[in-house]
Every structure is written in structure tokens, then in C-alpha cells.
Amino acid sequence: MICWIFLNSHHHLNMALALRKKYPKRDFIFISGKPQTEDFISRIPSDIKYLQTKEETAKGFFSLERKCKKLIMTLKDMDDPDELITFYDTYSSFLYLKHSFKINWDRVSLIEDGLGNFIALSMPSFFNRIIKATINFLLKRYPVPISYLSLGHNKAINKIYSSWPEKISTHNSAEIINIKNEYEEVLNSFKSNEWINGNNLKDNHMDILMIPPLFKTRNLSKKKIIAFISDLLNLIDYKNEIYIKLHPAEGIEMQKIIEEVLKSKDLSISFLNPKTPIEYYFCNLKTFRLAGSPSTSHLIAVNNFSEKLKGGGIIIPDHSNPFSKKHLGFLRNIIGLKILEA
């Protein structure tokens, strides 16, 4: 059985590797719609075919075909997939590839991505998708789904692979495949005795502050980012050194802003390598405290390591992305988290 699987983050890669553990006899091709870093690519086993685009395909609505041209040509020399797996049912590269190879929805499955898989929502907004669907229809481009809800509540989706199956939210006829054990095996594979024995941390503990991608995803101004960072630092009461984990897409730029804010704070701060998956630290630390606004895919990993949360975790929405009642209802399921409503 041939499976093509889209992945754009370390969490997606964790899910894809879990799938490979569950189905070792399947032939997987991993596909990324953007260039990935070497640390990401090095985690992919050598016997799995990996393809990526040279440019970020999620940016530039009308340049998608050009950016995907080489990827499509390469895949045309391979056997068509029995199953096409994506993290978003609305992801443009997936939709274009699905259209190019005439793959029906009954051959499409989802891997769990984050909070959107645990509540009913539309992502991106229904209005946004209606506009794109209309434009593409008039220009005879690839179809865009116009179901009111997305992900597991898109009734065209028949199957979801989940590491937290008891919490997944879907329409009534969707099949939920449990890969929790395999996902935990992948997380545990991050264990490094060399790092544990050589990190010089007291009791192998970290107080971690996580910052979301405020420039690239939230599109916040520098002024708003400084206000958010200041609020974060005022809310936490950590007396130990604070380790800041930035999003890999904007590490250097964001670090400069945080260092500017820190000039007026009496805090001991270190920056973790933004390219290193946060799951690596969760796996190798004996205990950790957590504050900030991590991505929802990271919170899935937090749930798996919740027994290591010492003193709990404080999750704070950034200024552009307040928690809805649905978000709050799910986040309170994660043991040890305290949710501050902005």
C-alpha cells in the first residue's frame, strides 16, 4: 500500500513516524510544502522517500502551481497513492496535488495537527474559503472545500489518525485510528543520555517560556509584540533561570525584541535553540514548568509528558488570538495547566 503524507512541522513528522511504526509494510512518501531545515530532514529514515518544494507554498495564492511544478513532475514518475494523508483538509499544496492526480476524497485521511482536531471549527474561515473557491472555479484551478466546518467535521474526510483518540472531534461516520502508543514511542526516541548527563541543570529541571510565531502567523506589530512579551514576563513568578523557546521560523528577530524588553527586567534568561523540537526537552528533562503561548500541537506533547509538569503550566493567549469557549473547554482537559483568559 502506497501512502503520500504531507508534513510541515516536527509534530507532523512525529505523527508520520508514528504511522510508519503502526504500518511498517506500507510504502510512505513524506512531502513538505516548504523547504525544511537539516535537523528536520535528518530525522527522516533513509528508506523513506522525502520530497519538498523549494519555496513556501502556503504564501502566494496565485503562485502555487509554479512552486509545486517540480514536485508534481517528480510524483508523476511514481505509482499513484492508495492513500493521501494531510494535516489540513484545506492546505493548498495538498488540494493542488489531490486535484492534479485526480484523487477522490475517499482516499484522503488526516493526521492530527493540534487544537483544531479536538473542537468543531472552520479553518481558515468559511468566508475566506468561499472567496478562494469562487476564484479557483472561475479560473479553472483546483477546488477548495466549502464545507462549513473543517478537519474532522468536513464530511468528505473518512479517516483520522490520532494520538489522543478519546478527545478527537469528528462527524459521526469518520473512522478514528488510534496511534497513541506509536506516537509515544516516537516522543521517547528523543531521549539522549549524553544530553541528560551533560546539561548542568539543577535536578535536570527547566522553567520554559514558549513564544508563538507572532510575526509570521499572527502578523502583530512590534509594539504589540513588546506588550505581549511584557505581560508574559510580569505574569510568571519563576525564581530560577528562564529558558525561552522561540518558534523556529522567527528565532533571531524575536530574540532581539525580547532582549530589548529584558533591559528593564531583573530576570535570568537563556534562549533554547529554536530549531530543536520542544519534545526533545520534554523527553529529556526530569521535570519542567511551562508558561507562555505554545502552539496547540505542542500542547499534545505536553499532555503526553504531563507527569513531568512541576508546579503546573500557565497558558496565555497572545493579544491577537484569544481563547474561545471551545478552546478553553479542551485546554482544561490537559492535566496541570492553568489557563489565563485574556
Side-chain angles (χ1 to χ4, degrees), residues 1-34 36 40-53 57 68 70-114 117 142-143 145 150-166 168 170-189 297 300:
M1 184 174 183
I2 299 172
C3 300
W4 295 355
I5 179 166
F6 272 92
L7 37 89
N8 263 20
S9 69
H10 275 285
H11 174 71
H12 300 153
L13 180 53
N14 293 340
M15 294 293 289
L17 293 173
L19 270 179
R20 194 212 185 204
K21 286 180 177 291
K22 191 173 185 71
Y23 303 109
K25 293 185 179 180
R26 292 186 182 181
D27 293 324
F28 286 98
I29 296 178
F30 290 0
I31 302 169
S32 175
K34 68 177 184 180
Q36 295 289 352
F40 181 98
I41 297 171
S42 66
R43 294 185 56 211
I44 300 172
S46 59
D47 59 338
I48 291 181
K49 181 72 174 177
Y50 171 68
L51 302 171
Q52 67 178 25
T53 57
T57 57
C68 288
K70 186 174 181 180
L71 172 65
I72 297 292
M73 290 176 64
T74 301
L75 288 169
K76 281 183 176 178
D77 292 331
M78 302 178 184
D79 293 334
D80 286 355
D82 299 289
E83 186 175 15
L84 177 60
I85 305 171
T86 181
F87 48 92
Y88 292 161
D89 57 321
T90 54
Y91 182 56
S92 57
S93 299
F94 149 73
L95 292 173
Y96 179 53
L97 189 148
K98 176 183 176 297
H99 172 68
S100 298
F101 289 91
K102 299 179 172 60
I103 298 171
N104 294 328
W105 280 103
D106 60 5
R107 290 159 59 195
V108 172
S109 305
L110 290 180
I111 52 169
E112 176 185 270
D113 172 70
N117 295 108
Y142 61 92
S150 307
L151 299 170
H153 287 273
N154 175 354
K155 292 185 178 180
I157 296 294
N158 297 309
K159 187 189 300 180
I160 300 178
Y161 297 100
S162 174
S163 67
W164 205 348
E166 64 272 23
I168 208 80
T170 68
H171 62 84
N172 292 335
S173 59
E175 181 183 8
I176 301 171
I177 307 296
N178 186 346
I179 59 169
K180 180 180 178 63
N181 292 339
E182 292 80 9
Y183 176 73
E184 289 178 349
E185 286 180 33
V186 173
L187 294 186
N188 289 332
S189 71
S297 60
I300 297 173

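Bear in mind that the values here come from a model prediction, so they are computed numbers and not experimental data.
Without hydrogens or angle criteria, Lys159 side chain to Ile85 main chain gives no donor-acceptor distance under 3.5 Å. Not one N or O on the side chain of His171 forms a donor-acceptor pair closer than 3.5 Å with the backbone of Ala156. Judged purely by atom type and a 3.5 angstrom limit, Asn104 has no side-chain atom pairing as donor or acceptor with the backbone of Asp106. When atom types are taken as modelled, the side chain of Ser9 and the backbone of His12 share a donor-acceptor pair closer than 3.5 angstrom. Within the 3.5 Å criterion, the main-chain N or O of Gly152 finds no donor-acceptor partner in the side chain of Asn117. Although no hydrogens or angles enter the test, the distance criterion places a donor-acceptor pair under 3.5 Å between the side chain of Gln52 and the main chain of Gln36.
Side-chain contact check for Ile176 versus Glu112: every heavy-atom pair is 4.5 Å or farther apart. At a threshold of 4.5 Å between non-hydrogen side-chain atoms, the residues Ile5 and Ser109 do not count as touching. By the 4.5 Å heavy-atom criterion applied to side chains, Leu97 and Cys68 are not counted as neighbours. Between Leu17 and Phe30 there is a side-chain heavy-atom pair separated by less than 4.5 Å. At least one side-chain heavy atom of Arg20 sits under 4.5 Å from a side-chain heavy atom of Asp47. With a 4.5 Å cut-off on side-chain heavy atoms, Tyr23 and Ile177 count as touching. Looking only at side-chain heavy atoms (C-beta outward), Ser100 and Tyr142 stay at 4.5 Å or farther from each other.
Between Glu182 atom CD and Tyr161 atom OH the span is 11.5 Å, to the nearest 0.5 Å. The CD1 atom of Ile2 sits 13.5 Å away from the NZ atom of Lys49 when rounded to the nearest 0.5 Å. We find the CG-CD1 distance between Asp77 and Ile72 to be 12.0 Å, quoted to the nearest 0.5 Å. Rounding to the nearest 0.5 Å gives a distance of 12.0 Å between CZ of Arg43 and OH of Tyr50. Atom CG in Asn178 sits 13.0 Å away from atom CD1 in Ile160 (nearest 0.5 Å). The distance from atom CG of Leu13 to atom CZ of Phe40, rounded to the nearest 0.5 Å, is 4.5 Å.
The existence of a salt bridge linking Lys98 and Asp89 is excluded, since no basic side-chain nitrogen approaches an acidic carboxylate oxygen closer than 4.0 Å.
Pro145 and Asn154 make their closest contact through CB-ND2, 4.2 Å (heavy atoms, listed as atom of the first residue, atom of the second, distance). The minimum heavy-atom distance between Asn8 and Gly33, with the atom names listed, is OD1-N, 3.2 Å. Between Ile179 and Lys22, the closest heavy-atom pair is CG2-CD, 3.3 Å. Pairing each heavy atom of Phe28 with each of Ile48, the nearest pair is O-CG2, 3.7 Å. The minimum heavy-atom distance linking Asp80 with Trp4 is given by the pair CA-CZ2, 4.3 Å. Listed here is the closest heavy atom pair of Met15 and Ile111: CB-CD1, 4.1 Å.
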Could you walk me through whether Asp113 and Leu151 satisfy the side chain to side chain contact (heavy atoms under 4.5 Å, CB included) test, starting with their C-alpha distance in whole Å, then the side-chain angles of each, then the deciding distance to 0.1 Å, before giving a yes or no? CA-CA 10 Å; Asp113 172 70; Leu151 299 170; 5.9 Å; no

Let me see the working for Ser162 and Tyr183 under side chain to side chain contact (heavy atoms under 4.5 Å, CB included), right down to the final yes or no. CA-CA 9 Å; Ser162 174; Tyr183 176 73; over 6 Å; no

Stepwise side chain to side chain contact (heavy atoms under 4.5 Å, CB included) check, Phe94 with Ile31: CA-CA 9 Å; Phe94 149 73; Ile31 302 169; over 6 Å; no

Worked check of side chain to side chain contact (heavy atoms under 4.5 Å, CB included) between Thr53 and Ser93: CA-CA 10 Å; Thr53 57; Ser93 299; 5.7 Å; no

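Ring geometry for Tyr88 against Tyr91 counts as perpendicular: the plane angle is over 60°, on a 0 to 90° scale with 30° as the lower cut.
Atom NZ of Lys34 sits in a crowded spot, with more than 12 heavy atoms from other residues, nucleotides or ligands closer than 6.0 Å. For Met73, the CE atom sits in a loose shell: 12 or fewer heavy atoms of surrounding residues, nucleotides or ligands are nearer than 6.0 Å. Atom NZ of Lys180 sits in a crowded spot, with more than 12 heavy atoms from other residues, nucleotides or ligands closer than 6.0 Å.
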